[in-house]
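Here it is: the structure, laid out below.
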Protein chains: 2
Amino acid sequence: MLTLYSMPSSGNSYKVRLLMHQLGIPFDHQDCEYGSGVTESEAFREMNPNGKVPLLKLEDGRLIAESNAILLYLAAGSPLLPHDPYQLAKVHEWMFFEQNFHEGTIATRQAILNYPQRAHLRVPEKLDPLLEAGHRALGVMEAQLAKTDYIAGDTYTVADIALFAYTHTAGSKGNFDMQQFPFINNWLTRVTKQPGFVELDWLPAT
Amino acid sequence: MLTLYSMPSSGNSYKVRLLMHQLGIPFDHQDCEYGSGVTESEAFREMNPNGKVPLLKLEDGRLIAESNAILLYLAAGSPLLPHDPYQLAKVHEWMFFEQNFHEGTIATRQAILNYPQRAHLRVPEKLDPLLEAGHRALGVMEAQLAKTDYIAGDTYTVADIALFAYTHTAGSKGNFDMQQFPFINNWLTRVTKQPGFVELDWLPAT
């Protein structure tokens with residue numbers, strides 16, 4: 001069986017749990033909640049020198065890090081990853097946008113506002129630029145979702161999973177003004193209607 | 001012919017120019033240097049609402065943004081992109097690492113130190129955390145390159161191009177202490193010996 005090292009409260013980890021549930025892939029879940037110290041341990045650093053989750057361990061012990069790399073690996077051959085080269089490129093484009101711009105603003109602000117360990121960062125000099133840049137990132141998504149039902153085109157793909165993870169809590173946990181983004185709000189609802197959808201707090205039975 | 005909108009001084013744009021030269025793909029180069037205003041124009045924002053280069057226009061007018069998505073699109077079917085699912089996942093892993101952690105620290109510090117438009121950011125509160133985090137990112141690469149000749153394994157791939165772009169100028173433009181990273185330095189030399197290698201300032205003849 002596959003083993004997933006994941007942080008129950010993290011959007012990046014949620015991406016992988018959601019995909020595995022949607023594809024019906026069973027896995028052993030190893031809890032690495034923020035503050036537990038698991039990812040700082042020597043044993044974990046040997047598996048991932050970058051010290052981050054999610055981390056996927058294959059049955060033969062080989063490892064894959066980076067949430068979006070794991071999504072692409074697990075979705076290969078499924079309807080959630082297009083075969084057409086251009087459609088595939090659009091999926092990649094939105095997944096890199098997510099890791100380069102969206103996560104560094106929208107997820108970072110949510111982390112500061114919600115993890116007690118980051119309470120010292122709750123100052124306007126940190127929070128205000130993240131709000132402004134996060135709204136710009138959401139504006140880029142809104143422009144796309146005004147044209148297509150899903151972020152990379154007309155079908156639901158792993159790019160939707162990648163962007164749903166931190167967007168669906170942007171208002172509630174990050175105080176982003178989601179009223180400005182009606183197309184995003186409709187898309188969020190559309191994602192929750194996908195077969196096999198589970199909420200962020202879902203974990204496999206042990 | 002393909003059209004590449006690129007910023008001559010930018011590492012993200014360089015990635016694509018380097019790959020296209022190595023694969024022998026001719027292209028029309030549209031200069032979008034920082035400060036020229038091209039990427040702020042309405043015409044450009046219509047092509048890419050995120051306002052960033054590189055941007056690839058296909059012969060039929062369709063567009064692909066995000067440097068690493070363009071690399072994956074252009075390298076498909078070439079020796080620079082593995083077919084094996086696990087090897088491909090490792091290439092993706094390092095490309096997401098690059099956009100999520102490496103670029104936001106190592107490239108960001110270089111931009112602040114080198115573009116006059118960012119001179120106001122040359123303060124210790126900005127520069128010092130970028131130095132510290134950038135050294136950590138380089139440490140993650142160093143640990144891998146102590147084990148394999150190339151970043152995603154034993155062969156040269158687009159993941160090497162993605163990470164070479166901002167690593168090879170980390171010392172000269174970002175004042176990172178590259179003496180700490182002998183395996184990275186050997187790898188940098190190894191990349192420059194690849195067939196078709198060109199320097200950052202190479203542009204196609206017009």
Side-chain angles (χ1 to χ4, degrees), chain A residues 12 45-46 48-52 55-56 58 60 62-77 83-105 107-108 125-126 136-137 139-147 152 158-159 162, chain B residues 12 45-46 48-52 55-56 58 60 62-77 83-105 107-108 125-126 136-137 139-147 152 158-159 162:
Chain A
N12 279 329
R45 294 290 163 138
E46 209 152 293
N48 184 8
N50 198 18
K52 291 187 181 172
L55 179 69
L56 183 71
L58 307 185
D60 62 10
R62 292 186 299 176
L63 298 154
I64 303 171
E66 298 292 331
S67 57
N68 289 354
I70 298 172
L71 293 184
L72 291 171
Y73 176 81
L74 292 172
H83 291 277
D84 172 76
Y86 180 75
Q87 288 305 320
L88 180 62
K90 298 311 277 186
V91 168
H92 290 157
E93 177 185 307
W94 284 103
M95 293 175 89
F96 283 111
F97 164 84
E98 191 268 330
Q99 284 292 287
N100 185 249
F101 185 20
H102 187 279
E103 203 226 52
T105 54
T108 299
E125 306 88 88
K126 280 278 173 198
R136 273 192 288 123
V140 175
M141 291 177 66
E142 182 78 357
Q144 180 62 42
L145 291 166
K147 292 188 288 187
V158 283
Chain B
N12 279 329
R45 294 289 162 138
E46 209 152 294
N48 184 7
N50 198 17
K52 290 187 181 171
L55 179 70
L56 184 70
L58 307 185
D60 62 9
R62 291 187 298 177
L63 298 154
I64 303 170
E66 298 292 331
S67 57
N68 288 355
I70 299 171
L71 292 184
L72 291 170
Y73 176 81
L74 292 172
H83 291 277
D84 174 76
Y86 181 75
Q87 288 306 318
L88 179 61
K90 299 310 278 185
V91 168
H92 290 157
E93 176 186 307
W94 283 103
M95 292 175 91
F96 284 111
F97 164 84
E98 191 268 329
Q99 284 291 287
N100 186 249
F101 185 20
H102 188 279
E103 204 227 52
T105 52
T108 299
E125 306 87 89
K126 280 278 173 197
R136 271 192 289 123
V140 176
M141 291 177 66
E142 182 77 358
Q144 180 62 42
L145 291 166
K147 292 188 288 187
V158 284

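Letters A, B, ... are given to chains in the order of the sequence lines, protein chains preceding strands, and every chain is numbered from 1.
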A:Lys52 NZ/CZ over B:Phe97 ring centroid, <6.0 Å and within 45° of normal: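 Output no; distance or angle outside limits.
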Side chain, backbone, both or neither of B:Ala65 within contact of chain A (heavy atoms, under 4.5 Å):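 For B:Ala65, heavy atoms of backbone and side chain both lie under 4.5 Å from chain A.
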Options A:Ile70, A:Leu63, A:Val91, ranked by heavy-atom pairs under 4.5 Å with chain B, top entry: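 Top count of heavy-atom pairs under 4.5 Å with chain B: A:Leu63.
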Residue, of B:His92, B:Glu103, B:Arg62, that accumulates the most heavy atom pairs under 4.5 Å with chain A: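 Of B:His92, B:Glu103, B:Arg62, B:Arg62 has the most heavy-atom pairs under 4.5 Å with chain A.
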Interface moiety of B:Glu93 toward chain A, non-hydrogen atoms closer than 4.5 Å: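 Both backbone and side chain.
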Between CG on residue A:Leu72 and CE on residue B:Met95, distance to nearest 0.5 Å: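 So the CG of A:Leu72 and the CE of B:Met95 are separated by 11.0 Å.
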Reported CG-to-OH distance for the pair A:Leu88 and B:Tyr73, which is rounded to 0.5 angstrom: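 Rounded to the nearest 0.5 Å, the CG-OH separation comes to 10.5 Å.
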A:Glu66 vs B:Asn100, side-chain hydrogen bond (donor to acceptor under 3.5 Å, both in side chains): CA-CA, chis, key distance, verdict: CA-CA 9 Å; A:Glu66 298 292 331; B:Asn100 186 249; 5.9 Å; no
Contact winner vs chain B - A:Phe101, A:Phe96, A:Trp94, heavy-atom pairs under 4.5 Å: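 The residue among A:Phe101, A:Phe96, A:Trp94 with the greatest pair count is A:Phe96.
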Under 4.5 Å from any heavy atom of chain B - which part of A:Ala89: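 It is both, since atoms from each part get that close.
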